[in-house]
Amino acid sequence: MPPKESNTAGPVLRKRQTKQAEPTGTLKRKADQYDLVATPKRKANKENKAIYSENRSPLKPRKTRNKSDKEDGLKITPCKSRSSKSGAVCSFGMSETERDKDEEKYAKHLVQNYTHRDIGELLDFAKPATTAGQKAAELKTDFISDLMERILAGEKLATKRGMDSSLLVQFARKIGKWTKVGSSLKSEKPLYEYFSNFALFVAQCLKSKTASKTSDIARLILPAERTDYKPDDSNDSRRIDVGLAMRDIGDSVKLVSLNSYADMLCIAEAKKSRVLDKDALAQLFLYSVNIYMRQPNRRYVWGLTICADEVYACLMLNDGFFVSPAMRISEPAGRKMLISWLVQWSMCPEDRLGYDPTMCRVPNPDDADVGGSNSDKVDDKRYTIDCYDDKSQETTTYITKRTIMSADDMLGRHTRCFVATRHSGSGTESSANEVVIKDAWSPAKHPPLEDPRDEIKLLRKIHDTFEQDTPDHIYPNMLVGSHVRLDQKDKSAIDTTDAIFNAAGVDRIDPPSDPGTTSAWSQQPLRAHRRIVMSPVGHSIKTVKNEAELIIVLVEAMNCYSSVLSQCGVLHRDISTNNILVVRDGENKIPRGLLIDFDFAVNVDTHERSARPERSGTMPFMSIANILNLDTPRTALDDWESLLYVVCWLATVGITSSHRVPDAELGKKPIKYWRIGSPEEIAIAKRTHMHSDVIFQSNIVEEFREQYKLLPRFAIALHKALFGNVNCPGAVLGLKVYGGDSSDDDDDDDSFNGDSGDSGNKPTGGPNDPLVKRSAHVDEILANLEKVLGKFKRKAIAVL
């Protein structure tokens, strides 16, 4: 609905010239480094649209402005999810080309800020588990290295049983060419063949050495027959250089068919010059995220970069990437080191290749119908998953029916979710009810089993509370939960970052508390591998059929939120589009909303409803105080503010496939500034959009899809309850709230705490931040928000 005329044009944000922009993602700039001032009166037909003095406004631009929305220098703040799929939160309003550029910038950011070079101990992470195995690997490396050097020197080999000398000589010809390329080539393409022949040489030697004994060789590492190609299961148009696969020791040594990320051990990325090593790493990170996405049983991923005659091995963990010293192929020592890597990858246990031994892939011939615009399946591979329960101390095996969430970032929790049923043990799943399995690497405190913020503990608390007093709403009912346990040296140990480092004989150290302090490579955050089995099974919020269903689902989810807070003392802290699911009992029944993902949740004092201030959540939906990490307690109002952003986001993007807005159009809407820029710039945009009803309606609500009639009124009512309280109106420091009458025409009960008509024109009460002041009025505002939910649920049900 159009806003009423205003006496001013609203706030203009002018950035002080004494401060320079900080790098993406930092919080060094404070919000008070931006001045917000009232602008002179403009004509009413400008509809209260303001601009930055730097021509980068979070509000609608003036109609005379012809500058393209695609502005140079915009920083992209990394979000919780960085999927490159069209329609994903982080790709809002981007074309495929723009998404690719965004991901490339992010990959370079990872190289610069998360990569540790020249880690001499890195090879120990891939060593065989036993002392005997390690000694055998050394002997095989010495044998293969000696054999390669003799052939390269022109020595003719005597024919031996089990040794195909002609093949080795053929492979060595290409290796010999590689030793002479120097620091650069005209093209990187010859490197594909050189490296592939090197890998085939090592595999052929290992196979010949195991003619009489195969117990210490677990697999052959073989290169793909295709090079410079796009895997069939890729989400983008990028082409990998060389893929490596594992094959049984009894298979032939040859180039293999390897058409998907789901079947790759790792990727080798080639560049024509040594000086392009950083570019090679950035591309390796870009491609390797697809391995995480397509292989949910990966704990971590290995990779290789080939820069002319230098090769680097790379280990990619949740919080950092570790690169070996250069292996120079022109030197015997460099060749021997690369041989050692390939030998150890052929001999070590699968968990040291990054695989999860408690999750095994099985054939899946019956579930190949993946995709579809309304499908929330992302893969057609199936797995058996062992789920240990720390309460019953028993292990239950499940078989997945489909994967509904996969890891889509190199960093972070690598959360995966599956729909599964109990495994009968006979190779088929039982007819038991479906469950959801969540698998994630969550930040933890030492010791992890005593971490008070453990999601398993919080869900068990919710389960125990609601089992005694069953609520009217549905809730995530945990059936099984524990840390993943690995069998190591005849004992069971929980799977953590420490377990990965300890297997290599390296002590992990907690990183320094000061974020500006340079840390050593082994200073990595502690993460714990947790697995939870829950019911009921829900579907993506995108599966709602209309706006009335969406409102009902959101209301039910927030009813669950309120009960969990008041009865269990748990504050969720991550209301987002991914964490509210749709549950249907039947095709024609009214859907229900399910609140999930308590990874960021904390125990709180239910009387104060507060938690320690720290930034958490999904960027476009985070509250302003949360983004800025304001020195004020986090309360339920932060999560309710996130709900408002969820409503605005979905109403702008479109809640069904038929309503979806084209990417090119999305990029022109003011709401895009909820995800573009540094955290401070995003907070400034939200402060501006939320400050008054006129600004909110003219810049956000007016951009809702025209099909929606209830959602605009729902959003306005939520906004009024959150930002229109007479005791703490607005969202901008020291600026009057310039508002108008936005009351709902067909209802006379939309005003809260006297905020009706022109009450928004009252000042904020001094220089105090209204977002800080509202923490003193939590109960009052929450009561009004509950009124909004009840009223709009009734309206939505009436529509259905």
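The basis for the numbers below is simple: all heavy atoms, side chains too, and nothing from hydrogens, waters or symmetry mates.
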Euclidean distance, [Y] [atom2] relative to [X] [atom1], rounded to 0.5 Å:
X: Thr397; Y: Asp386; atom1: OG1; atom2: CG; answer: 4.0 Å
X: Trp341; Y: Met327; atom1: CH2; atom2: CE; answer: 6.5 Å
X: Leu284; Y: Asp279; atom1: CG; atom2: CG; answer: 12.5 Å
X: Leu167; Y: Gln204; atom1: CG; atom2: CD; answer: 5.0 Å
X: Met148; Y: Ile339; atom1: CE; atom2: CD1; answer: 4.0 Å
X: Ile291; Y: Arg298; atom1: CD1; atom2: CZ; answer: 6.0 Å

For [X], ring pair (Phe, Tyr, Trp, His ring centres under 6.0 Å) partners two or more places apart:
X: Tyr261; result: none
X: Tyr229; result: none
X: His483; result: none
X: Trp441; result: His529

For [X], check side-chain hydrogen bond (donor to acceptor under 3.5 Å, both in side chains) against everything at least two apart and list the hits.
X: Ser442; result: Asp599
X: Arg219; result: none
X: Tyr287; result: Gln283
X: Glu155; result: Arg150

Sidechain-backbone polar pair: [X] side chain, [Y] backbone, donor-acceptor under 3.5 Å:
X: Gln134; Y: Pro128; result: yes
X: Lys207; Y: Ile249; result: yes
X: Asp233; Y: Ala262; result: yes
X: Thr497; Y: Arg527; result: yes
X: Ser324; Y: Leu122; result: no
X: Gln295; Y: Met264; result: yes

Lys230 atom NZ: more than 12 heavy-atom contacts under 6.0 Å: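 Yes.
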CE (Met347) with more than 12 external heavy atoms under 6.0 Å: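 Correct, the count exceeds 12.
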Arg99/Asp236 salt bridge by N-O under 4.0 Å criterion: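 No.
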Lys/Arg N to Asp/Glu carboxylate O, Asp356 vs Arg531, below 4.0 Å: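 Result for this pair is yes, salt bridge flagged.
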Worked check of side chain to side chain contact (heavy atoms under 4.5 Å, CB included) between Arg238 and Glu103: CA-CA 11 Å; Arg238 299 186 181 96; Glu103 295 299 327; 3.4 Å; yes
Is [Y] close to [X] at the side-chain level, that is, under 4.5 Å between some pair of heavy atoms?
X: Leu286; Y: Asp100; value: no
X: Arg508; Y: Ser522; value: no
X: Val202; Y: Trp345; value: no
X: Lys445; Y: Glu450; value: no
X: Glu121; Y: Trp521; value: yes
X: Ile399; Y: Val362; value: yes
X: Cys387; Y: Ile437; value: yes
X: Cys348; Y: Leu353; value: yes

Non-neighbouring partners of [X] that pass salt bridge (charged side-chain N to carboxylate O under 4.0 Å, His left out), sequence neighbours left out:
X: Arg274; value: Asp309, Glu310
X: Asp251; value: none
X: Lys336; value: Asp142

Residue among Trp302, Phe285, Tyr300 satisfying ring pair (Phe, Tyr, Trp, His ring centres under 6.0 Å) with Phe321: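 In the set Trp302, Phe285, Tyr300, the residue that makes a ring pair (Phe, Tyr, Trp, His ring centres under 6.0 Å) with Phe321 is Phe285.
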Residue among Asp439, Asp495, Asp451 satisfying salt bridge (Lys or Arg N to Asp or Glu O under 4.0 Å) with Arg530: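 Running salt bridge (Lys or Arg N to Asp or Glu O under 4.0 Å) over Asp439, Asp495, Asp451 with Arg530 returns exactly one hit, Asp451.
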Among Arg294, Arg247, Arg361, salt bridge (Lys or Arg N to Asp or Glu O under 4.0 Å) partner for Asp263: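 Among Arg294, Arg247, Arg361, the one meeting salt bridge (Lys or Arg N to Asp or Glu O under 4.0 Å) with Asp263 is Arg361.
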Which heavy atom of [X] sits nearest a heavy atom of [Y], and at what distance?
X: Ala308; Y: Leu191; value: O-CD2, 3.3 Å
X: Met293; Y: Ala407; value: CG-O, 2.7 Å
X: Thr496; Y: Pro448; value: CG2-CG, 4.0 Å

side-chain contact (heavy atoms from CB on, under 4.5 Å), paired with Leu244, selected from Leu258, Leu304, Ile267: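 It is Leu304, the one option of Leu258, Leu304, Ile267 that forms the side-chain contact (heavy atoms from CB on, under 4.5 Å) with Leu244.
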Flag for Tyr355-Arg299: side-chain donor and acceptor within less than 3.5 Å: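 Distance-only check fails for Arg299 and Tyr355.
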Asn259-Arg226 side chain donor-acceptor pair, cut-off 3.5 Å: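 There is such a pair between these side chains.
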Ring pair (Phe, Tyr, Trp, His ring centres under 6.0 Å) contacts touching residues 116-137 (sequence neighbours left out):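 Passing the test, one end in residues 116-137: His116-Phe322, Phe125-Phe501.
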From CA spacing to verdict: side chain to side chain contact (heavy atoms under 4.5 Å, CB included), Phe171, Ile151: CA-CA 10 Å; Phe171 298 148; Ile151 297 177; over 6 Å; no
Side chain to side chain contact (heavy atoms under 4.5 Å, CB included) between Ser187 and Lys272, worked out: CA-CA 6 Å; Ser187 169; Lys272 65 181 182 180; 5.9 Å; no
Ring-face cation of Arg117 near Tyr312 (centre distance under 6.0 Å, axis angle within 45°):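 Verdict for Tyr312: a cation-pi partner in Arg117.
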Chi angles and distances behind the side chain to side chain contact (heavy atoms under 4.5 Å, CB included) call for Leu110, Leu411: CA-CA 9 Å; Leu110 297 181; Leu411 297 175; 3.4 Å; yes
